[in-house]
Q: 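The structure's right below; bear with me while I get my questions together.
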Amino acid sequence: MINQQLINPTSIVVIGGSDDLSKPGGKVLKNIVDGNFKGELFVINPKSDQVQGIKSYRNPEDMPDVDLAILAIAAKYCPNTVDLLARNKKTRAFIILSAGFSEESEAGAILEKQIVEIINDTESCLIGPNCVGFLNRNYNGVFTEPIPVVDEQGVDFVSGSGATAVFIMESGIPKGLTFSSVYSVGNSAQTGVEDVLKYMDETYVAEKSPKVKLLYIESIRKPELLLKHASSLVRKGCRIAAIKAGTSEAGSRAAASHTGALASSDMAVDALFRKAGIIRCYGREELATVASILRFPFPKGGNIAIITHAGGPAVMLTDILSEGGFNLPLIEGYVAEDLLAKLFPGSSVNNPIDFLATGTAEQLGAIIDACENDFDQIDAMVVIFGSPGLFPVYDVYDLLDEKIKTCKKPIYPVLPSVITARNEIDSFLEKKNVFFHDEVLFGKAFSKVMQNKPPADLPDIINAINRVEVRKLVAEAEDGFLEPEAVSRMLDLSGIPRVQEEVATTIDEAVECAGKIGFPLVMKVVGPVHKSDVGGVELNVSRMDKVKELFTQMMKIKNCNAILFQPMASGMEFFAGIKKEGDFGHMLLCGLGGIYIEVLKDVSSALLPINENEAHNMIKTLKSYALIKGVRGGKGVDEVVFAGILLKLSELIREVPEIVEMDLNPLLANEKEIFAVDARVRIERINNGI
Ligand code: ADP
Ligand code: MG
């Protein structure tokens, strides 16, 4: 529970503050002093009366009341100290830097639990333990370096790992990134990444609060909270970029269905981020680059002008931007001619605009002005300008600085000469700019930012489901896989089309079923979960004597208790399925089905419930989307019908959250209809909170 005592304390005590700057207790104190903390500062150190020139108390009892305590003492002393401060000194915020808690041992976990109890009991805030600390404009409560420039326009950064927090800052600071706050939440004993986002959401003030949030997450403990507050922040105008490290778990899970085997916890993370509108990054450089891009105003569209004095990087950037779906509009006509006349002979203005190695600041100014005012087809500019070291480029970077601050269209500076033009870049950064040193890294991150979609709205209820009957069906069913009849009925009650079916347990019934279905038909064993694997699927059966022969044979297959008859159908094979992913909720997957499912792994996913937009996006993002659209005169599949099935599945789960796994594989599809020829549903009440 983040509070004012943490954010803006009037007094801070460093418990275990020392003169030794190689110790966390020494370094954090120095950082606070160097950061010109405006409030009162004390130290508790049993051996001194003064530490780094700051008043030190040997015994905490003697100290005045204090808002915030930063603990840098051995874990075993922490619970008592927290207790004393929280109960006797009105301390309501604690940052515990010390390690040796739940991350280390059982005994440590017990200490951590004791601390959390005191913290919660006294309605206090705890950051850590086992973290590098917290900093904002009011104080530098971290024991590490680097200390970033802290300003109102900086990014808010929350990290589940202290060391990684430091390294991400190492990556961002040289790019010119400034910070508004940095939270290292350590073991997240009380306050995790999700809780910090909740705080930021609840205290968000339009036009005032920082707009860019960066997250480094190792485990998502409260996915629902993350989704709620991340999407709320994005809806308020924030942009969130996050790294979620560590996939694991998925492989070890035994899965009975294709969907189960394909779904992974990492896919659930992806789905959660997509739903929340979070930009997912995979490394520090990428995160810092994305964050830098988010510092610029958002371009109106994807029409980019590349302005350069060097051909190579412009070509590489052109490639990467084209791949990312951007447009580099051709610049021509008399305005272009006018501009060309201002440049040296041999320059080109078509886009990329190349004003040659000898290009001047004045010429760059003319190009930027033309892009800003005359070329309506341009939404944003990327300026690549380095130096071969013959003369300084201060004038160019000063001009860039001025144009970035005055133009309406965003201008992204790619400055490759980080050695040769170091001084010029530093002076550019001092004017509160960010820059990109590599055009391809920039281009990839830019594509990612521009392709990121807003958070998904909750779906309207489509009323496709017979709620009463479907609930009745589930109430009567036992945990585990539903019987085929129950599955078929569930599909019918949900409005999900399926192939006609008949079930026989005797040879006479088999003859009757075959008569009803007609030839050619399909016979399948009832009982075994994976029917083909046990030789339990016979396709294209076209004679009655064959039906009888197969019936006798198939009934002998292990666990087979009946034979299912279906007409032999045709169509392209797709699949759709559902998997409960722990606290993330239900995940819906769909993709190309049949034999291709494992090979191509062409799967898209979303967390339920989904809206119409999300359903269509799931289909559109499949690699096999071209097949759905129909290739080379092929008829394709009705996308709207497919999306309709996904929406009905979403609604089914809303009614029946007991479903932990569901598989429609395959769905046979043609240009008019899509229907299931094989379906499995597993329900589980225990372990599912129901
Ligand atoms: P399982 O998945 O248990 O092995 P299925 O019922 O999915 O069994 O059947 C295996 C394959 O047989 C399907 O992937 C599909 O290619 C084909 N198939 C099944 N039922 C039909 C049907 N009614 N019409 C045409 N092909 C079918
Ligand atoms: Mg199947």
Side-chain angles (χ1 to χ4, degrees), residues 254-263 480-492 496-504 510 513-543 546-547 550-551 553-555 557-579 588-603 624 627 635 637 642 645 649 659 661-682:
S257 64
H258 288 287
T259 307
L262 282 167
F481 283 101
L482 294 185
E483 295 296 326
E485 283 94 345
V487 174
S488 301
R489 188 157 158 68
M490 184 177 267
L491 296 186
D492 293 349
I496 297 168
R498 64 170 177 92
V499 76
Q500 182 195 351
E501 284 180 356
E502 299 291 338
V503 178
C513 289
K516 279 191 202 159
I517 298 282
F519 294 106
L521 55 75
V522 175
M523 295 168 70
K524 300 180 185 181
V525 288
V526 175
V529 175
H530 297 294
K531 300 178 286 295
S532 308
D533 294 355
V534 294
V537 177
E538 292 292 340
L539 302 174
N540 238 338
V541 183
S542 52
R543 289 196 326 265
K546 194 77 188 160
V547 168
L550 285 171
F551 180 85
Q553 262 175 33
M554 289 168 80
M555 284 299 277
I557 291 174
K558 199 173 164 208
N559 296 331
C560 170
N561 51 46
I563 301 295
L564 183 75
F565 287 79
Q566 299 177 340
M568 180 70 198
S570 65
M572 222 187 295
E573 293 197 4
F574 291 92
F575 88 97
I578 287 157
K579 174 87 183 34
L588 174 65
L589 283 80
C590 76
L592 205 57
I595 52 170
Y596 304 116
I597 183 168
E598 266 96 17
V599 186
L600 298 180
K601 294 220 165 57
D602 183 16
V603 181
S624 48
L627 292 177
K635 285 277 197 297
V637 173
F642 198 172
I645 291 181
L649 284 170
I659 295 176
E661 244 178 278
M662 177 162 179
D663 215 13
L664 305 178
N665 185 25
L667 286 162
L668 290 187
N670 56 45
E671 71 271 29
K672 282 196 289 297
E673 48 176 1
I674 305 183
F675 50 89
V677 298
D678 181 32
R680 273 187 268 279
V681 177
R682 188 161 74 84

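Note that ligands are numbered from 1 as they come in the structure, with each ligand's atoms numbered from 1 the same way.
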Q: Could you tell me whether Ala569 and ligand 1 have an N or O pair separated by under 3.5 Å?
A: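 By distance alone, the answer is yes.
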Q: Look at Ser532 and state whether any of its N, O or S atoms is less than 2.8 Å from the Mg ion (ligand 2).
A: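 Of the N, O and S atoms in Ser532, none lies under 2.8 Å from the Mg ion (ligand 2), which means no.
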Q: Side chain, backbone, both or neither: which part of Pro567 has a heavy atom under 4.0 Å from ligand 1?
A: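 For Pro567, the contact with ligand 1 is made by the backbone alone.
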Q: Is Glu538 touching ligand 1 with its side chain, its backbone, both, or neither, if touching means heavy atoms under 4.0 Å apart?
A: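 For Glu538, there is no contact with ligand 1 at all, from either part.
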Q: Any chance you could measure Ile659, atom CD1, to Leu482, atom CG, to the nearest 0.5 Å?
A: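 Going from the CD1 atom of Ile659 to the CG atom of Leu482 covers 7.5 Å.
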Q: Which residue in the set Arg498, Gln500, Glu502, Lys524 passes side-chain hydrogen bond (donor to acceptor under 3.5 Å, both in side chains) when paired with Gln566?
A: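 Of Arg498, Gln500, Glu502, Lys524, side-chain hydrogen bond (donor to acceptor under 3.5 Å, both in side chains) with Gln566 is met by Lys524 alone.
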Q: State the atoms of ligand 1, each with its element, that fall below the 4.0 Å cut-off from a heavy-atom position in Lys524.
A: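 Result: 5 (P), 6 (O), 19 (C), 20 (N).
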Q: For the CD atom of Glu573 and the CG atom of Leu627, what is their distance to the nearest 0.5 Å?
A: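 Glu573 CD to Leu627 CG: 12.5 Å, rounded to 0.5 Å.
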Q: How is the N/O/S atom of Asp678 that comes nearest to the Mg ion (ligand 2) named?
A: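 Of all N, O or S atoms in Asp678, the Mg ion (ligand 2) lies closest to OD2.
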Q: Please report the interatomic distance CG(Asp602) to SG(Cys590), rounded to the nearest 0.5 Å.
A: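 Spacing of CG (Asp602) from SG (Cys590) equals 8.5 Å.
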Q: Rounded to the nearest 0.5 Å, what's the gap from CD on Glu501 to CG on Asp492? Could you check?
A: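 If I round to the nearest 0.5 Å, the distance is 9.0 Å.
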Q: Yes or no: does Asp533 have any heavy atom under 4.0 Å from an atom of ligand 1?
A: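 Asp533 does not count as a contact of ligand 1 under the 4.0 Å cut-off.
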Q: Evaluate Glu573 for polar contact with ligand 1, using N/O atom pairs at a separation under 3.5 Å.
A: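 Between Glu573 and ligand 1 (N or O atoms, distance only) the closest approach is under 3.5 Å.
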Q: Under 4.0 Å from ligand 1, counting heavy atoms only, is it the side chain of Gln566, its backbone, both or neither?
A: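 Side chain only.
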Q: Between Asp678 and ligand 1, does any nitrogen or oxygen pair lie at a separation below 3.5 Å?
A: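 Between Asp678 and ligand 1 (N or O atoms, distance only) the closest approach is under 3.5 Å.
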Q: Determine whether a donor-acceptor pair (N or O, by modelled atom type, separation under 3.5 Å) exists between the side chain of Arg680 and the backbone of Phe481.
A: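 It does not hold such a pair.
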Q: Just verifying a value: how many Å separate Lys546 NZ and Gln553 CD, rounded to the nearest 0.5 Å?
A: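 Here the interatomic distance stands at 7.0 Å.
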